[in-house]
Amino acid sequence: MRPGPGGTIMCGIVGYTGLHQASPILVSGLRRLEYRGYDSAGVAAVEDDRLEVRKRAGRVRALEELLDEMPLHARCGISHTRWATHGPASDRNAHPHLGGRGGRMTVALVHNGVIENHVALRRELEAEGFLFQSQTDTEVIAHLVARELEKADDPFLAVRRALPRLEGTYGLGVVCAGHPGVVVGARFGSPLVVGVGDSEHLLASDAVAIAPHTARVAYLQDGEVVRLTPQDFQIQHLEKGPITPRIDRIDWKPDAVELGGHAHYMLKEIREQPETVTDACRGRLIRAEGTAHFGGLNLSPRQLRRVRRVVFAACGTSWHAAMVGEYLIERLADLPVEVEYASEFRYRNAPLDDRTLVFVLSQSGETADTLGALREARRRGHPTLAIVNTVGSTIAREADGGIYLHAGPEVGVASTKAFSAQVVVLAMLALHLGRLRHLSFPDGMAVLEAIESVPALMGEVLKTEAKIDEAAALMTQARNALYLGRDIHFPVALEGALKLKEISYLHAEGYPTAEMKHGPIALVDRETPCVFVAPKGSLHAKTLSNVEEVKARHGTIIGVGTEGDEGLASLSDIFLPIPEAPEVIQPLLAVVPLQLLAYHVARRRGCDIDKPRNLAKSVTVE
Ligand code: G6P
């Protein structure tokens, strides 16, 4: 079992045990986690021998209405906001989940993270008489704990005994019937923090949730399980035994942290991309075979080998990600790929034969044009696949198969982390298709290792934010900007230009670098910044001559290139380095400075970054 660095399947957990009524504290904690995005919410409380659960699809408001109708009276409980990953947002799939059998439910549990072996565990537990109510991966944990509780009526021990069966990541909150006043928590790859109060203790996936109650916190580490009562708390490591907790003080004001300390959702989402990529790859890279695999494609290797052409249909940022996919699939799988604007595809007489695979890409899974393209392809009898972030969305439901991004909710209207998740999924798809064709094991392995290195390298790029802000200062007064890139970096240039347009309202155009001389060069003057996306690669020398052409016309040059590239650095007014990396993953690194550049230009121009004018996060009209 390998933990992720804190997982971004961003559900929220709150737990409370103390002298006060738990329900209002648990719900107000959820309110403070709302900024993360979620699609259902729930509370469980334990008083005497009774477990009571209230949960609802939708907003925390809907849960509050339910609690008004059916109040909970208890001084101990857990609560959760869920963002659907396994199974759509519904009352049933909302957490907490109950565990037990024979009509006696003894465990209520909330979970953040992903359990990879839930299918096998579910089969095992069903055979033993545990009845499942939901489609979630979480419910297996509730039943596993209940099974242990039958053997020894000790919640702390039962959780510790159940956990070794899990493969995947978790942050957990648990209460058990007959144990009022006891909350158990556990962490592996998904954060959890204990709040230490006077005659009360709290548990949360983020200190933001409990900051109004106490500034004294103990952060759990992977492998640690905690037992909270009003008077005290104990931590045990699954392998190392009892742990002496370290109490930290949170030094920010509870009100300043609704965005987890970031100024905007967009910035937060840009910065969490290393984790986004980790989450998108989790369980999908197969070292032993030098390939990637996906659970939900619903096509056999034989069917995939028959494919002779791939068509991608998408809009906006998803369309740019698809274009990176085009270069990757052509390169690694030797398959012709076409990328279509979904809005165009649905009304064209596009010839599709029976060996064409149609993919749609959408962060939201609700974009009307993309849905229209999917329906048109289906109407014509083609198997349709979707690459989607939002589980249970319309596109996810209507496609014959597909791949989820597992990027967590994206709140910023300008898409950032969803792009990275899409590109890394497409890189894995290209690897998968390549390995079914000519790509050798060593070549496949090299791609796999390159993909594995992305999160750490992205982290390096994020450290250069101050330099990127200097570049933003150069662009703030401009009226036009050109973004230039070639080959696999052409779509990255398009995406950089789109980001700038969306949030700073500066006009920007993306172009293939060499195409510049056929028109856009006429725009170049001192006032027009040119952003060259030019990491070292096969066409690097040619790109440098294009940079020279702009230099000769006194254009301002911002070069995004490989660390140590003196040639590009000396031609650039500002050089933004990315680490040396194989070409197939360079787009994932090069896009980060462009996102931050757009962000800081918009910030400097005083724009409303998370609510750009005229734009919507999800466009459900044609
Ligand atoms: C809207 C958003 C864009 C997004 C596009 C496609 O235009 O403002 O940021 O890229 O829709 O959205 P999707 O959810 O289908 O990826």
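Both counts, for ligands and for their atoms, begin at 1 and track the order of listing.
- One distance of note links CG of N389 with CH2 of W83; it measures 4.0 Å at 0.5 Å rounding.
- For atom 10 (O) of ligand 1, the nearest protein heavy atom (residue, atom name, distance) is T317 N, 3.0 Å.
- Shown in contact with S318 at under 4.0 Å from a heavy atom are these atoms of ligand 1, numbered in order with element: 13 (P), 16 (O).
- Nearest protein heavy-atom neighbour of atom 12 (O) of ligand 1: T367 OG1, 3.4 Å.
- Proximity to S362 (heavy-atom distance under 4.0 Å) selects the following atoms of ligand 1: 13 (P), 14 (O), 15 (O), 16 (O).
- Against a heavy-atom cut-off of under 4.0 Å, Q363 is close to the following atoms of ligand 1: 13 (P), 14 (O), 15 (O), 16 (O).
- Of all atoms in ligand 1, numbered sequentially from 1 with element shown, those under 4.0 Å from a heavy atom of E502 are 9 (O).
- With respect to atom 2 (C) of ligand 1, the closest heavy atom belonging to the protein is A616 O, 3.5 Å.
- The aromatic rings of H432 and F294 sit perpendicular, their planes meeting at an angle over 60°, well past the 30° parallel limit.
- Both tests pass for R613 against the ring of Y505: distance under 6.0 Å to the centre and angle within 45° of the axis.
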Q: In sequence, state the C-alpha distance, the side-chain angles, and the governing distance for D469 and R603, and then conclude on salt bridge (Lys or Arg N to Asp or Glu O under 4.0 Å).
A: CA-CA 10 Å; D469 187 29; R603 182 185 57 76; 3.0 Å; yes
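- For N298, there are no side chain to side chain contact (heavy atoms under 4.5 Å, CB included) partners, not counting sequence neighbours.
- Judged by a 6.0 Å distance limit and a 45° cone about the ring axis, R59 is positioned over the six-membered ring of Y38.
- Under the 4.5 Å side-chain criterion, counting only non-hydrogen atoms from C-beta, H406 is in contact with R284.
- Scanning the protein for heavy atoms near atom 9 (O) of ligand 1, the closest one is V413 O, 3.4 Å.
- Counting heavy atoms from C-beta outward, Y599 and H264 have side chains that approach closer than 4.5 Å.
- Close approach of ligand 1 to S364 is summarised as follows: ligand atoms under 4.0 Å from at least one heavy atom of the residue are 13 (P), 14 (O), 15 (O).
- With a heavy-atom cut-off of 4.0 Å, E366 does not touch ligand 1 at all.
- In terms of protein heavy atoms, atom 7 (O) of ligand 1 is closest to V619 CG2, 3.8 Å.
- Nearest protein neighbour of atom 6 (C) of ligand 1, counting heavy atoms only, is C315 O, 3.4 Å.
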